[in-house]
Number of protein chains: 4
Amino acid sequence: MNDTKEAWIEELLKGDGAGGKMTEKQSRIVESAIEVFAEKGYAASSTSEIAQRAGVAEGTIFRHYKTKKDLLLAIVAPAMTKLIAPFVLRGFNKVLDSEYDSYDQVLRAMIENRIEFLQKNRNILKILLQEIPFHPEMQERFQRDVLGIVLERLQRIVAKFQGQGRMAELPSSTVVRLSISAIMGYIAVRTVYGEREDAVWDDEREREETIRFVMRGLGLA
Amino acid sequence: MNDTKEAWIEELLKGDGAGGKMTEKQSRIVESAIEVFAEKGYAASSTSEIAQRAGVAEGTIFRHYKTKKDLLLAIVAPAMTKLIAPFVLRGFNKVLDSEYDSYDQVLRAMIENRIEFLQKNRNILKILLQEIPFHPEMQERFQRDVLGIVLERLQRIVAKFQGQGRMAELPSSTVVRLSISAIMGYIAVRTVYGEREDAVWDDEREREETIRFVMRGLGLA
Amino acid sequence: MNDTKEAWIEELLKGDGAGGKMTEKQSRIVESAIEVFAEKGYAASSTSEIAQRAGVAEGTIFRHYKTKKDLLLAIVAPAMTKLIAPFVLRGFNKVLDSEYDSYDQVLRAMIENRIEFLQKNRNILKILLQEIPFHPEMQERFQRDVLGIVLERLQRIVAKFQGQGRMAELPSSTVVRLSISAIMGYIAVRTVYGEREDAVWDDEREREETIRFVMRGLGLA
Amino acid sequence: MNDTKEAWIEELLKGDGAGGKMTEKQSRIVESAIEVFAEKGYAASSTSEIAQRAGVAEGTIFRHYKTKKDLLLAIVAPAMTKLIAPFVLRGFNKVLDSEYDSYDQVLRAMIENRIEFLQKNRNILKILLQEIPFHPEMQERFQRDVLGIVLERLQRIVAKFQGQGRMAELPSSTVVRLSISAIMGYIAVRTVYGEREDAVWDDEREREETIRFVMRGLGLA
DNA sequence: TATGAATGAGTCTTCATTCAT
DNA sequence: AATGAATGAAGACTCATTCAT
């Protein structure tokens, strides 16, 4: 359940989907686009501003991406892939068998892993979140390639723990939902409040309480 | 904790912020705007399409709303007010004192009340959700008038139950967060899956399991 | 076989296809478009230049014509209609019966009538001629609505004269072709040379010789 | 009055105006340009499409032709030269003296010779026809190098026949005009209808009737 | 010689907004 | 109050042309 951890954006910037290497200008275009899209939203972003921030001519953008939407997809598509990376790693089955003795370890790992990911890819994820409702192709792909895979894997993990002990009375999909809700609620609040200087947010404690809450809620503690 | 329950949109349509009554054309403009904004997003919506759907001339919109953004705010601002309506009702203090004997009743009431609200105001809430990140004034107002008030009220409720019994070891803000996470997770999944014909979503059961999960998680059951 | 003779462009400028009246600005747009298209060709004309010459904002063009091509069609389509006007006049059958005793009268009438038309509509016809090869819809319409009708009428006239006397040995379509070739050759040269100050072009004589040539060529004189 | 008959395009492709040989890429550029220009018109053609069809890089075109217009002229200029080739052949004077005993032989030769030429060079002639009206230099050159020469030669031929017999009453320029009109009308219709499978176009007969028509029209038969 | 990334002026088109009626 | 013609700034995108490699 570990990610590659290095900033995969760099990878994204080094190679396009076709495997070719990106020129330096192309990288700057993608970086600027991520910035501007995240800041103003896709529809309200102008290619001219992206070009300006990237320090290239507007035409240069269209040499690399036929349309503005292609540029969006070039950003969002690999993000989806990376989003599920930890769940499709070749070692994943081993995880199922051995790595975690207790469900709270699974929860802790998920939190740590995805928090790191979120921090590194905040802008891209913001774009993803904002644009999915307006682009059916993105929706479909997200449903199929992200939700589908992740939920299936998580349900298998849950099923394994259910086989060993309690929480048998709940469908595994329900367990997954309740677990994810708690984690996402924790991450969301942490994202908003956890970075303020004046914050009274004891991250260590909040995380542990969240995990304990889920464990108790599922009858595991 | 009860809402007015009737479609308050009608109210919105009958009176503008200044207390005046809306003409029929103005109502049609607002209705169309809600539709179009929800469908395409604010930035990608054109006033001309809104006018067309409303069956009015392009200029008419600007007779009632100085700018496109004013039209957005005229939709979104009352939505915020209504969003917190149940928490600011004059009878709210009584709620604190008497209405609910047990925390699971609070949870159940929140779920029922807000689900109904969501169903009636899906489009408006979609707009709210989508646009808040891009409009600082909306953000600020949401923070102050919605989050601030709702959280404060909820924390007072929680504090009351904490005073009476267990879950003392958790800060009330944490309790609120965990409760809301679970509820929103339930509502979100329900919104997506709960309406499919082929769905294997037993709404009654999922809701009760969610409530039981929270109660157990908080050490109340 | 007489045309309405007044400058039908004015009609074109007064009413759009739907029968509505044109505003003054719209008229100026069409006029300028005719000028510019004739001068530079459709593809090399820019809407911004058309707007400038018309003294309107560029956006105004697109209020009246959804696309640049629509503007072209709005010019070209009525031209086709007018091009065949003399052949579809209600009185046309009478023409067949009575008006012309001898084929040379037909030729003379065609020349006079179409020369006048050409002079008044030079630019539009230039556009028609230039653009037809690149727009299949225009081609099709021209084939069907112009060529088809005109040739059929002319063949009927020719057939009538064939029934009365000689030139029986030629198919009527061949007679029509030969007649039109001669007339168009005359008109073409006249158009180029006939207007030069230094020209040694005796119009009256050239026309009569052309008619006589055709008559003799068909064995009628 | 005989042409070289082989596809002179190959010559065009082998040598540029300066007498140098063309590389294979340059040939492919010219070929593609002819195709694209003929298909879409000069103004609507893009150098990038030409490059693509030719299988060369965009920049390569500009290594051989400084501008897009230069490329056009490199195609059109030699076409004009070839167009008049039969009239400037060194043996032309002999033609005047001997080759043709009767004017109908002249007409027949012109038809055969130019039809062949047209078939081989349809695209280039289409370009010529389409672009001449928009390029004054081309116009001027056409007027001077093509029309001027051809008409003068034809008038000399006509004058010779006039000296021998009848048609004395017409100016030789008029005779040329009438002859060419008939021939071009024949070729035009043939070009359009003569290739349809379902056509009722008896080419042999139409050609002979056309010649007979001219001869009779000129009082020669 | 050939390449193809880069350019930036220019294209058609859209859009929020104004204003005379 | 309502209209809708008019605006012009801005948008996405194209294209002939240049130039470092």
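Convention: sequence-line order gives letters A, B, ...; per-chain numbering from 1. These numbers come from a predicted model, not from an experiment.
If you find the closest nucleotide of DNA chain E to D/E24 and to B/S46, the one lying nearer the 5' end belongs to D/E24. If you find the closest nucleotide of DNA chain F to B/G59 and to D/S45, the one lying nearer the 5' end belongs to B/G59.
In this entry the distance linking CG of A/L71 with P of F/dA12 reads 11 Å, nearest Å. Note: CD1 (D/I61) to C1' (E/dA5) measures 16 Å, nearest angstrom. The distance from atom CZ of A/F37 to atom C1' of F/dG11 is 13 Å, rounded to the nearest whole Å. Rounded to whole Å, the distance from CZ on A/R63 to C1' on F/dT17 is 11 Å. A straight line from CD1 of A/I50 to P of F/dC13 spans 11 Å, rounded to a whole angstrom. Rounded to an integer number of Å, the gap from A/Q52 CD to F/dA12 C1' is 16 Å. F/dT14 atom P lies 7 Å from atom NZ of A/K66, rounded to whole Å. Spacing between atom CG of B/D70 and atom P of E/dA16 amounts to 14 Å, rounded to whole angstrom units.
Proximity of C/S48 to the phosphate of F/dG8: no side-chain N or O atom is located under 4.0 Å from OP1 or OP2. For D/T60, a side-chain nitrogen or oxygen approaches OP1 or OP2 of E/dT3 to under 4.0 Å. For A/T47, a side-chain nitrogen or oxygen approaches OP1 or OP2 of F/dA12 to under 4.0 Å. Contact check, B/H64 against F/dA2: a side-chain N or O comes under 4.0 Å of OP1 or OP2.
No side-chain heavy atom of A/H64 sits less than 4.5 Å from a side-chain heavy atom of A/D70. Counting heavy atoms from C-beta outward, C/V30 and C/M22 have side chains that approach closer than 4.5 Å.
Here A/E49 pairs with A/K40, A/R53 under the side-chain hydrogen bond (donor to acceptor under 3.5 Å, both in side chains) rule; sequence neighbours left out. Residues forming a side-chain contact (heavy atoms from CB on, under 4.5 Å) with B/A54 (at least two apart in sequence, or on another chain): B/R28, B/I29, B/S32, B/V56.
Within the model, atoms CG of C/L128 and CZ of C/F37 stand 13.0 Å from one another, a figure rounded to the nearest 0.5 Å.
Counting only Watson-Crick and G-U wobble pairs whose two key distances fall under 3.5 Å, DNA chain F forms stems of three or more stacked pairs at E:2-21 with F:2-21.
For D/S48 and D/E58, the side-chain atoms include no donor-acceptor pair closer than 3.5 Å.
Comparing E/dT7, F/dC13, E/dC12 by their nearest atom to the side chain of A/K68 picks out F/dC13. Nearest to the side chain of A/K25, among E/dT13, E/dA6, F/dT14, sits E/dA6. The side chain of A/T23 approaches E/dA6 more closely than any other nucleotide in the set F/dG8, E/dT3, E/dA6. With F/dT7, F/dT18, E/dC12 as the candidates, the nucleotide lying closest to the side chain of D/F62 is F/dT18. Among the nucleotides E/dA6, F/dA12, F/dC19, the one closest to any side-chain atom of A/E58 is F/dA12.
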- Message: The test is side-chain contact (heavy atoms from CB on, under 4.5 Å); show your working for D/E137 and D/K69 and say whether it passes.
- Response: CA-CA 12 Å; D/E137 340 84 78; D/K69 184 150 188 190; 3.3 Å; yes
- Would A/I127 and A/L72 satisfy side-chain contact (heavy atoms from CB on, under 4.5 Å), going step by step from the backbone distance to the final call? CA-CA 9 Å; A/I127 296 170; A/L72 173 65; 3.7 Å; yes
